[in-house]
Amino acid sequence: MTDDIRWLDDDEYETWRSLLATVSLLEAALDRQLQRDAGMPHAYYQILAMLSEVPGRALRMSDLAAITQSSQSRVSHAVAKLEAAGWVRRRPSPDDRRSTIAELTADGYAVLEAAAPGHVACVRENLFDGLTREQVDALREICDAALDRMAGRPGAGPLREAVAAAVRTKARGAQRLA
């Protein structure tokens with residue numbers, strides 16, 4: 001039975017463990033920084049940032065869950081907290097009565113805008129400042145290749161659309177807050 005398994009070779013295993021550790025440590029650093037400086041977890045910042053990057057600053061809750069790679073119940077709970085803070089509002093979808101739209105409010109955008117400099121500084125300090133331009137390019141190529149490979153899997157479509165929207169936002173000259 002285990003003869004059919006393509007086990008990771010030593011280089012692949014070391015790379016895999018390094019990737020897991022890097023993602024885990026980066027996520028923890030981002031969460032600490034945002035809790036300290038903005039009073040919100042990284043997951044809430046991510047929701048606000050994703051909403052800021054789409055037209056109308058609004059998404060169906062199911063798409064928001066897919067983009068953030070969270071369960072619908074987890075996103076619903078987070079959006080309820082963000083709504084209570086006045087940073088997001090929920091409304092029924094005009095196209096589908098079964099769907100709910102999460103929309104970034106002006107107050108939510110202001111909070112995101114205030115939190116963005118510290119967030120970006122944390123990303124830069126913990127990731128990009130330690131890389132050369134060539135390594136940044138290679139990392140993007142690696143991530144793009146992995147995303148392309150997973151494109152047909154659940155959640156990948158909205159996630160890829162979010163990446164494309166962020167690129168379009170930059171191309172329009174708009175300020176990105178993630």
Side-chain angles (χ1 to χ4, degrees), residues 23 26-128 136 140 143-144 146-148 150-178:
V23 170
L26 181 58
E27 185 71 30
L30 293 170
D31 207 45
R32 280 191 308 274
Q33 179 274 318
L34 284 163
Q35 285 286 6
R36 181 186 68 238
D37 298 346
M40 74 175 89
H42 185 240
Y44 290 14
Y45 182 91
Q46 187 179 14
I47 289 170
L48 297 176
M50 293 302 100
L51 290 172
S52 78
E53 293 178 355
V54 296
R57 296 183 180 159
L59 282 169
R60 287 184 334 169
M61 293 285 288
S62 57
D63 289 339
L64 188 56
I67 288 168
T68 59
Q69 295 294 287
S70 297
S71 67
Q72 288 193 24
S73 64
R74 178 172 280 178
V75 167
S76 182
H77 177 75
V79 168
K81 297 274 188 181
L82 294 169
E83 189 174 35
W87 301 346
V88 172
R89 83 175 122 258
R90 287 187 277 192
R91 58 181 167 81
S93 170
D95 304 329
D96 180 2
R97 292 190 322 211
R98 296 171 297 166
S99 295
T100 300
I101 303 292
E103 182 179 9
L104 184 64
T105 65
D107 286 348
Y109 188 80
V111 165
L112 179 64
E113 198 170 36
H119 172 72
V120 171
C122 188
V123 171
R124 182 165 294 292
E125 175 187 338
N126 286 283
L127 182 62
F128 292 110
V136 170
R140 184 183 58 253
C143 292
D144 284 348
L147 285 170
D148 287 346
M150 294 183 273
R153 298 190 181 131
L159 188 58
R160 285 299 264 169
E161 291 167 18
V163 171
V167 170
R168 285 192 304 272
T169 298
K170 181 182 180 232
R172 289 193 312 264
Q175 181 182 14
R176 275 194 327 261
L177 300 174

Nearest 0.5 Å, please: how far is CG in Asp107 from CG in Leu82? 12.5 Å
Supply the atom-to-atom distance Asn126 CG to Glu27 CD, rounded to the nearest 0.5 angstrom. 11.5 Å
Scanning both residues in full, the closest heavy-atom pair of Pro41 with Asp31 reads CA-OD1, 3.3 Å
Ring geometry between His119 and His42 (parallel below 30°, tilted from 30 to 60°, perpendicular above 60°): parallel
Taking atom CG of Leu112 and atom CE of Met50, what is their separation to the nearest 0.5 Å? 9.5 Å
Minimum heavy-atom separation for Tyr45 and Ala116, please, with both atom names. OH-CA, 3.4 Å
Would a 4.5 Å heavy-atom cut-off, applied to side chains only, mark Ser99 and Met61 as touching? no
For Ala65 and Val75 the tightest heavy-atom approach is CA-CG2, 3.5 Å
State whether the side chain of Ser76 and the backbone N or O of Gln72 hold a donor-acceptor pair below 3.5 Å, judged by distance alone. no
Would the number of heavy atoms belonging to other residues, nucleotides or ligands and lying under 6.0 Å from CZ of Arg36 be above 12? yes
Name all residues meeting the side-chain hydrogen bond (donor to acceptor under 3.5 Å, both in side chains) criterion together with Gln46; count only those two or more places apart in sequence or in a different chain, and write none if there are none. none
Under 3.5 Å, sequence neighbours excluded: what are the donor-acceptor pairs made by side chains of residues 83-93?
from: Glu83; atom 1: OE1; to: Arg90; atom 2: NE; distance (Å): 3.0
from: Glu83; atom 1: OE1; to: Arg90; atom 2: NH2; distance (Å): 3.0
from: Glu83; atom 1: OE2; to: Arg90; atom 2: N; distance (Å): 3.1
from: Arg89; atom 1: NE; to: Glu103; atom 2: OE1; distance (Å): 3.3
from: Arg91; atom 1: NE; to: Glu103; atom 2: OE1; distance (Å): 3.0
from: Ser93; atom 1: OG; to: Asp95; atom 2: N; distance (Å): 3.2
from: Ser93; atom 1: OG; to: Asp96; atom 2: N; distance (Å): 3.3

Do the side chains of Leu51 and Ile47 get nearer than 4.5 Å, heavy atoms only? yes
Could you check Ile101, Thr68, Leu64 and say which one makes a side chain to side chain contact (heavy atoms under 4.5 Å, CB included) with Leu59? Leu64
Partner set under side-chain hydrogen bond (donor to acceptor under 3.5 Å, both in side chains) for Glu125, not counting sequence neighbours: none
